[in-house]
S.K.: 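Please read through the structure below; I'll follow up with questions.
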Amino acid sequence: QEDFVITDDGVPQTITSSSIDAVPLDVTVVLQMNDPLIGSGAGHWQPAKAIEDVSRIANLLKSQDRLRLLIAGIDGPVEAVPLQTIQAAQPLRVRVSGAASWPQNNSTVFDATAAALMASVPADRRGLVLIFTDGIDGASVVTSDQLLNVAHRTEAVAYLARRYTPTELARQTNAMAADFEQRFMLRPVPPSKIKAIVEATGGRTTHPTAAEPMATLFDQALDSFRN
């Protein structure tokens with residue numbers, strides 16, 4: 001309501017109410033390959049479950065909304081589903097060449113998130129970014145500080161579903177657990193930094209288990225975003 005002024009014969013008018021629910025959305029889903037929330041296993045990313053879950057997310061959107069899917073690939077973000085309106089009668093067409101053979105431990109989460117946040121959103125729409133990751137990034141060009149700067153400037157709102165890493169889970173039961181990230185990650189980033197990036201956009205962070213469906217998490221984020 002503070003971003004524009006409505007006038008009547010040159011006289012500013014007071015806006016008493018507005019409905020975000022009525023504004024069409026541009027939704028970008030960012031997926032990290034090595035997260036069990038999106039169907040990883042057996043040492044390689046398995047896209048079938050991820051595609052199924054993204055299709056369920058699409059079914060939660062309205063006909064005027066648009067959806068895009070970005071996968072944090074090895075060499076950079078992969079646009080598996082270009083920005084498109086939701087057609088309930090047509091399945092999503094996903095373009096991910098060679099995805100089944102991608103290794104799990106190299107993903108460009110920061111690059112993909114930056115691409116999602118920097119995407120142009122028309123004035124008559126709102127941008128919503130949903131990120132599924134454990135926060136481990138080993139291949140991005142964009143640093144966490146650069147991504148935080150993007151988050152402060154973006155018009156989109158980001159919601160993060162960040163699965164706890166093995167170290168975090170271990171520390172919940174064993175304070176002396178080894179620092180797994182320091183050995184595994186090429187560029188360790190404190191969880192607080194990832195949370196700050198999301199909060200800079202006005203969004204929230206959740207910590208789902210692997211058993212929680214992506215569509216359920218998105219429905220919760222969508223309800224929070226629209227209300």
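Throughout, numbering of the chain's residues begins at 1 and tracks the sequence. Keep in mind that the numbers below use all heavy atoms, side chains included, and drop hydrogens, waters and symmetry copies.
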S.K.: For Val141, does its backbone N or O pair with a side-chain atom of Asp111 as donor and acceptor, under 3.5 Å?
M.R.: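 At least one qualifying donor-acceptor pair exists.
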S.K.: side-chain contact (heavy atoms from CB on, under 4.5 Å) with Arg125: which residues, sequence neighbours excluded?
M.R.: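 For Arg125 the side-chain contact (heavy atoms from CB on, under 4.5 Å) partners, ignoring immediate neighbours, are Pro24, Asp26, Arg66, Val121, Pro122.
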S.K.: Side-chain contact, heavy-atom cut-off 4.5 Å: Leu160 with Thr206?
M.R.: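 No. Closest side-chain heavy atoms not under 4.5 Å.
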S.K.: Using modelled atom types only, decide if a donor and an acceptor are shared between the side chain of His152 and the backbone of Ala200 within a distance under 3.5 Å.
M.R.: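 Looks like no, no N/O pair under 3.5 Å.
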S.K.: Examine distances only and state if a side-chain atom of Gln84 and a backbone atom of Pro82 form a donor-acceptor pair shorter than 3.5 Å.
M.R.: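 Answer holds: yes.
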S.K.: How many angstroms lie between atom OG of Ser55 and atom CG of Leu69, to the nearest 0.5 angstrom?
M.R.: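 If I round to the nearest 0.5 Å, the distance is 9.5 Å.
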S.K.: Using 0.5 Å steps for rounding, measure from the CG atom of Asn149 to the CG atom of Leu147.
M.R.: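 Rounded to the nearest 0.5 Å, the CG-CG separation comes to 9.5 Å.
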S.K.: With sequence neighbours left out, write down each residue that passes side-chain hydrogen bond (donor to acceptor under 3.5 Å, both in side chains) with Ser224, or none if nothing qualifies.
M.R.: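 Partners of Ser224 under the side-chain hydrogen bond (donor to acceptor under 3.5 Å, both in side chains) test: Tyr159, Arg204.
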S.K.: What I'd like to find out is whether the side chain of Phe132 reaches to under 4.5 Å of the side chain of Met214, using heavy atoms alone.
M.R.: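 Side chain of Phe132 against side chain of Met214, heavy atoms only: contact under 4.5 Å found.
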S.K.: Applying side-chain contact (heavy atoms from CB on, under 4.5 Å) between Leu128 and each of Leu67, Val29, Leu222, report the one that passes.
M.R.: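 Testing Leu128 for a side-chain contact (heavy atoms from CB on, under 4.5 Å) against Leu67, Val29, Leu222 leaves exactly one candidate, Leu222.
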S.K.: Within the structure provided, determine whether Arg68 and Glu79 are in side-chain contact (heavy-atom separation under 4.5 Å).
M.R.: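 Counting from C-beta outward, Arg68 and Glu79 do come under 4.5 Å.
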S.K.: Which residues pass the side-chain hydrogen bond (donor to acceptor under 3.5 Å, both in side chains) test with Asp219, not counting sequence neighbours?
M.R.: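 Not a single residue meets the side-chain hydrogen bond (donor to acceptor under 3.5 Å, both in side chains) criterion with Asp219.
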S.K.: Once side-chain contact (heavy atoms from CB on, under 4.5 Å) is applied, do any residues pair with Thr154, and if so which ones, sequence neighbours excluded?
M.R.: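 Counting only residues at least two positions away or on another chain, Thr154 forms a side-chain contact (heavy atoms from CB on, under 4.5 Å) with Leu117, Ala156, Thr201.
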S.K.: Holding to side-chain contact (heavy atoms from CB on, under 4.5 Å), I want the full list of residues that pass it with Gln220, two or more places apart in sequence or in another chain.
M.R.: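 With neighbours one apart ignored, the set is Thr216, Leu217.
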S.K.: Name all residues meeting the side-chain hydrogen bond (donor to acceptor under 3.5 Å, both in side chains) criterion together with Asp124; count only those two or more places apart in sequence or in a different chain, and write none if there are none.
M.R.: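 If we apply the side-chain hydrogen bond (donor to acceptor under 3.5 Å, both in side chains) test to Asp124, skipping adjacent residues, there are no hits.
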